[in-house]
Amino acid sequence: MLKIYNTLTRKKETFIPRVEGKVGMYVCGMTVYDYCHVGHARVMVVFDTVARYFRYLGYDLTYVRNVTDIDDKIIKRAYENGEEITQLTERFIDAMHEDERALFVLPPDQEPKATQSIDSIINMICVLIDKGLAYVGNNGDVFYAVTKFKDYGKLSGKNLDDLQAGERVDVDLAKQNPMDFVLWKMTKVNEPAWDSPWGLGRPGWHIECSAMSTCCLGNHFDIHGGGMDLQFPHHENEIAQSEGATGETFVNVWMHNGFVRINEEKMSKSLRNFFTVREVLKQYKPEIIRFFILSSHYRSPLNYSDEQLNDAGTALTRLYNALRDCDFSTDIIDKDYKVKFDQAMQDDFNTPIALSVLFDLARELNKSKDSINQSTILASTLKYLAGFLGLLQDDPELFLKSGAEESDATADALIDKLVQERIDAKKAKNWALADSIRDNLKDQGVVVEDSPNGTSTWRRHN
RNA sequence: GGCUGCGUAGCAAAACGGUUAUGCAGUGGCCUGCAAAGCCAUCUACGGCGGUUCGACUCCGCCCGCAGCCUCCA
């Protein structure tokens with residue numbers, strides 16, 4: 001029985017799909033004006049893992065993750081760069097897909113873009129105006145009237161009166177209520193604009209997700225996810241828009257992942273304390289980053305530091321080491337470990353425990369190396385289960401011999417040659433030479449390991 | 001100010017009302033020419049104060065500390 005923590009009820013609930021055997025999941029994706037940072041990577045990896053697990057459980061999943069390709073920041077950045085908006089957004093969409101592939105994130109089934117959903121956005125705004133939930137302000141912008149939606153605040157646990165008491169910057173005088181938010185913005189000079197019943201303009205941020213999600217998954221679907229910071233106001237506003245427009249329940253389960261932190265502080269673009277995925281990839285192998293992300297529960301904060309990444313690298317090396325030189329078979333899986341793994345994953349996708357099961361498995365595998373049958377079963381089980389986390393699918397030999405940089409065949413050949421020279425030196429009992437070769441390689445980040453039968457292997461230190 | 005959430009050993013990170021988490025690091029041993037890897041053993045815990053209970057790290061209350069949201073942010 002799969003349990004998922006639902007932000008709406010603040011409880012873990014047994015997951016019951018709306019339609020038996022099917023799951024619709026929408027995740028708020030990136031605004032594409034810059035490279036993805038580790039915080040974005042967390043969203044991608046976490047929901048990729050959720051998606052993989054739903055499929056593993058046999059659900060027919062439709063996973064939608066949008067791209068916000070029109071907003072103030074995009075316009076500003078394009079202007080600063082002296083670049084066409086579409087040129088900028090296409091560039092960063094490509095970069096995002098590259099990062100995604102690097103982190104073994106499988107593409108979502110649908111990836112709608114805001115600029116390609118203008119019709120459904122306009123339709124939804126029309127309905128909201130017809131229903132008296134939205135109005136045209138005296139500056140021509142269209143606003144959502146939050147006081148008209150009785151459940152406003154139900155997701156974030158906020159209450160309009162308290163919010164109004166809070167300090168607010170720059171209250172827009174065209175609004176009836178300071179908490180009202182924009183559905184449609186009138187165009188300014190040199191901005192992209194679409195024709196609408198209210199004149200040339202562009203959509204506000206929140207409406208695009210309401211339009212795209214209901215468009216792709218229907219008025220009512222199972223899961224909506226995103227980072228914690230989207231809880232309010234973004235997701236709150238989505239509920240107001242979608243439920244206001246359709247009169248139906250919008251989403252059954254709201255999932256929010258925790259932040260990536262640096263020095264106990266949220267990693268964010270505005271604080272300028274972020275590392276982009278491609279920066280980190282220069283230093284660490286992609287699978288290490290994925291392992292690092294999954295080593296804490298998706299709702300917990302995740303502190304980013306070199307120490308953490310190094311630990312993740314060592315831990316992952318242990319698993320790959322266990323798989324080294326093993327045979328694999330797809331049809332023999334150890335049931336006990338599978339059950340333990342499932343128990344962890346079904347408890348709100350508890351990946352730290354799922355990983356601990358993999359380590360238990362690795363220990364037993366290391367002990368069973370002299371029994372081919374047993375080690376094949378355990379190795380196959382380890383690789384099979386790890387696959388649902390998007391881990392351990394590389395050839396162990398390749399993983400262990402690779403570094404963060406692109407692999408270099410000539411460098412590897414040279415290492416092989418030195419390792420062979422060392423084997424020869426060992427045979428001649430020339431320990432001094434053997435040790436100096438080993439020390440030499442170690443200085444280059446290559447660890448040599450001997451095996452009982454006189455052969456030697458090597459791996460690159462993370 | 002309002003609303004969330006968190007506080008576990010050297011570091012990271014989980015579960016659980018009474019029983020080994022797990023990874024890294026440390027210590028002792030086995031293995032090894034010596035190492036590394038691996039195996040075995042082992043030391044460091046549950047922010048503070050009360051309460052409930054036969055028994056609480058786990059439930060409740062208060063306090064302290066931290067983070068986040070209330071403005072664009074994954």
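Just so it is clear: chains get the letters A, B, ... in the order the sequence lines come, proteins before strands, and each one is counted from 1. The basis for the numbers below is simple: all heavy atoms, side chains too, and nothing from hydrogens, waters or symmetry mates.
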Open item on the list: Counting only Watson-Crick pairs (N1-N3 plus N6-O4 or O6-N4) and G-U wobbles (N1-O2, O6-N3), all under 3.5 Å, who is the partner of rA37(B)?
Closed with: none
Task: Sub-6.0 Å ring centroid separation between Phe221(A) and Phe250(A) - done: yes
Open item on the list: Without decimals, in angstroms, what is the distance between Asn159(A) CG and rU4(B) C1'?
Closed with: 14 Å
TODO: Would you mind telling me which of rA21(B), rG38(B), rC72(B) lies closest to the side-chain atoms of Ser270(A)?
DONE: rC72(B)
- [ ] Return no unless some side-chain N or O of Lys266(A) is found under 4.0 Å from OP1 or OP2 of rC69(B).
- [x] yes
- [ ] Examine the side chains of Tyr53(A) and Asp342(A) and answer whether a donor and an acceptor come within less than 3.5 Å of each other.
- [x] yes
Open item on the list: Can a side-chain donor-acceptor contact be found between Asp71(A) and Tyr33(A) if the only test is distance below 3.5 angstrom?
Closed with: no
Open item on the list: Reading RNA chain B from 5' onward, which residue's closest nucleotide shows up sooner: Gly258(A) or Ala315(A)?
Closed with: Ala315(A)
Open item on the list: Closest approach to the side chain of Asp229(A), judged atom by atom: which nucleotide of rA67(B), rU4(B), rC69(B) is it?
Closed with: rC69(B)
TODO: Please determine, for rU19(B), whether a Watson-Crick or G-U wobble partner exists with both distances under 3.5 Å, and give it or none.
DONE: none
I'd like a list of close polar pairs between nucleotides 9-17 of chain B and the protein, N/O only, cut-off under 3.5 Å.
residue, atom, partner, partner atom, Å
rC11(B), O2', Glu307(A), OE2, 3.3
rA12(B), O3', Gln308(A), NE2, 3.2
rA12(B), O2', Gln308(A), OE1, 3.1
rA14(B), OP1, His297(A), N, 2.6
rA14(B), OP1, Ser300(A), OG, 3.0
rA14(B), O3', Asn350(A), ND2, 3.3

- [ ] Answer yes if the side chains of Thr62(A) and Asp109(A) hold a donor-acceptor pair under 3.5 Å, and no otherwise.
- [x] no
Open item on the list: Side-chain N or O of Arg363(A) versus OP1/OP2 of rA21(B): is the shortest distance under 4.0 Å?
Closed with: no
Open item on the list: What's the gap between rG48(B) and rC30(B) when it is taken at their C1' atoms, as a whole Å value?
Closed with: 45 Å
Open item on the list: Under 3.5 Å for both donor-acceptor distances, Watson-Crick or wobble: does rG50(B) have a partner, and if so which one?
Closed with: rC60(B)
Open item on the list: Without decimals, in angstroms, what is the distance between Leu8(A) CG and rU4(B) C1'?
Closed with: 14 Å
- [ ] May I ask you to check whether Phe181(A) and Tyr144(A) place their ring centers less than 6.0 Å from one another?
- [x] yes
Protein N or O to nucleotides 30-36 of chain B N or O, pairs below 3.5 Å:
residue, atom, partner, partner atom, Å
rG33(B), O6, Arg422(A), NH2, 3.4
rG33(B), N1, Asp435(A), OD1, 2.9
rG33(B), N2, Asp435(A), OD1, 3.4
rG33(B), N2, Asp435(A), OD2, 2.6
rC34(B), O2, Arg438(A), NH2, 2.4
rC34(B), N3, Arg438(A), NH1, 2.9
rC34(B), N3, Arg438(A), NH2, 3.3
rC34(B), N4, Asp450(A), OD2, 3.1
rA35(B), N1, Asp450(A), N, 3.0
rA35(B), N3, Arg438(A), NH1, 3.0
rA36(B), O2', Glu449(A), OE2, 3.2
rA36(B), N1, Asp450(A), O, 3.4

- [ ] May I ask which nucleotide in the shown strands pairs with rG1(B), Watson-Crick or G-U wobble, both distances under 3.5 Å?
- [x] rC70(B)
Task: Nucleotide rA74(B), atom P - distance to CZ of Arg261(A) in whole Å - done: 18 Å
- [ ] Using the P atom on both, measure rU8(B) against rC57(B) and round to a whole Å.
- [x] 15 Å
Open item on the list: Between the base of rC72(B) and the side chain of Lys73(A), is there a donor and acceptor pair under 3.5 angstrom?
Closed with: yes
Task: Gap between atoms OH and P, on Tyr5(A) and rC6(B) respectively (whole Å) - done: 7 Å
Task: Rounded P spacing from rU27(B) to rA37(B) in Å - done: 13 Å
Task: Presence of Asn366(A) side-chain N/O under 4.0 Å of rC39(B) phosphate oxygens OP1/OP2 - done: yes
TODO: Could you give the distance separating rA12(B) and rA67(B) at their P atoms, to the nearest angstrom?
DONE: 15 Å
Task: Lys185(A) with Asp72(A): basic N within carboxylate O range, under 4.0 Å - done: yes
TODO: Please state the C1' separation for the pair rA56(B) and rA15(B) - nearest whole angstrom.
DONE: 15 Å
TODO: Pick the C1' atom in rC31(B) and in rC40(B), then give their distance to the nearest Å.
DONE: 11 Å
Task: Under the side-chain hydrogen bond (donor to acceptor under 3.5 Å, both in side chains) test, residues paired with Thr31(A) that sit two or more places apart - done: none
TODO: Determine whether the side chains of Ser368(A) and Gln374(A) contain a donor N or O and an acceptor N or O closer than 3.5 Å.
DONE: no
- [ ] Identify which one of Tyr304(A), Phe259(A), Phe274(A), Phe275(A) satisfies the ring pair (Phe, Tyr, Trp, His ring centres under 6.0 Å) criterion when paired with His37(A).
- [x] Phe274(A)
- [ ] Would you mind reading off the distance between Gln343(A) atom CD and rA21(B) atom P, rounded to a whole angstrom?
- [x] 18 Å
Task: Protein-nucleotide distance (Asn310(A), atom CG; rG23(B), atom C1'), rounded to Å - done: 14 Å
- [ ] Consider only side-chain N and O atoms of Arg299(A) and Thr7(A), and report whether a donor and an acceptor are under 3.5 Å apart.
- [x] no
Task: Base paired to rA14(B) (Watson-Crick or G-U; both N/O distances under 3.5 angstrom) - done: none
Task: Atom pair distance, as rounded to whole Å: CG in Leu230(A) and P in rG68(B) - done: 16 Å
TODO: Take the protein atom CG of Leu155(A) and the nucleotide atom P of rG68(B), then report the distance between them rounded to whole Å.
DONE: 20 Å
Open item on the list: Looking at rU42(B), which nucleotide sits across from it as a Watson-Crick or G-U wobble partner, both distances under 3.5 angstrom, or is there none?
Closed with: rG26(B)
TODO: Using the P atom as the reference point in each nucleotide, state the distance between rA13(B) and rU52(B) in Å, no decimals.
DONE: 34 Å
TODO: Indicate whether the side chain of Glu279(A) and that of Thr276(A) have a donor and an acceptor atom separated by less than 3.5 Å.
DONE: yes
Open item on the list: Which is more 5' along RNA chain B, the nucleotide nearest Ala362(A) or the one nearest Thr314(A)? Just name the residue.
Closed with: Thr314(A)
TODO: Kindly indicate whether the side chain of Lys269(A) and the base of rC72(B) share any N or O donor-acceptor pair separated by less than 3.5 Å?
DONE: no
- [ ] Please check if the distance between the ring centroids of Phe15(A) and Phe54(A) is under 6.0 Å.
- [x] yes
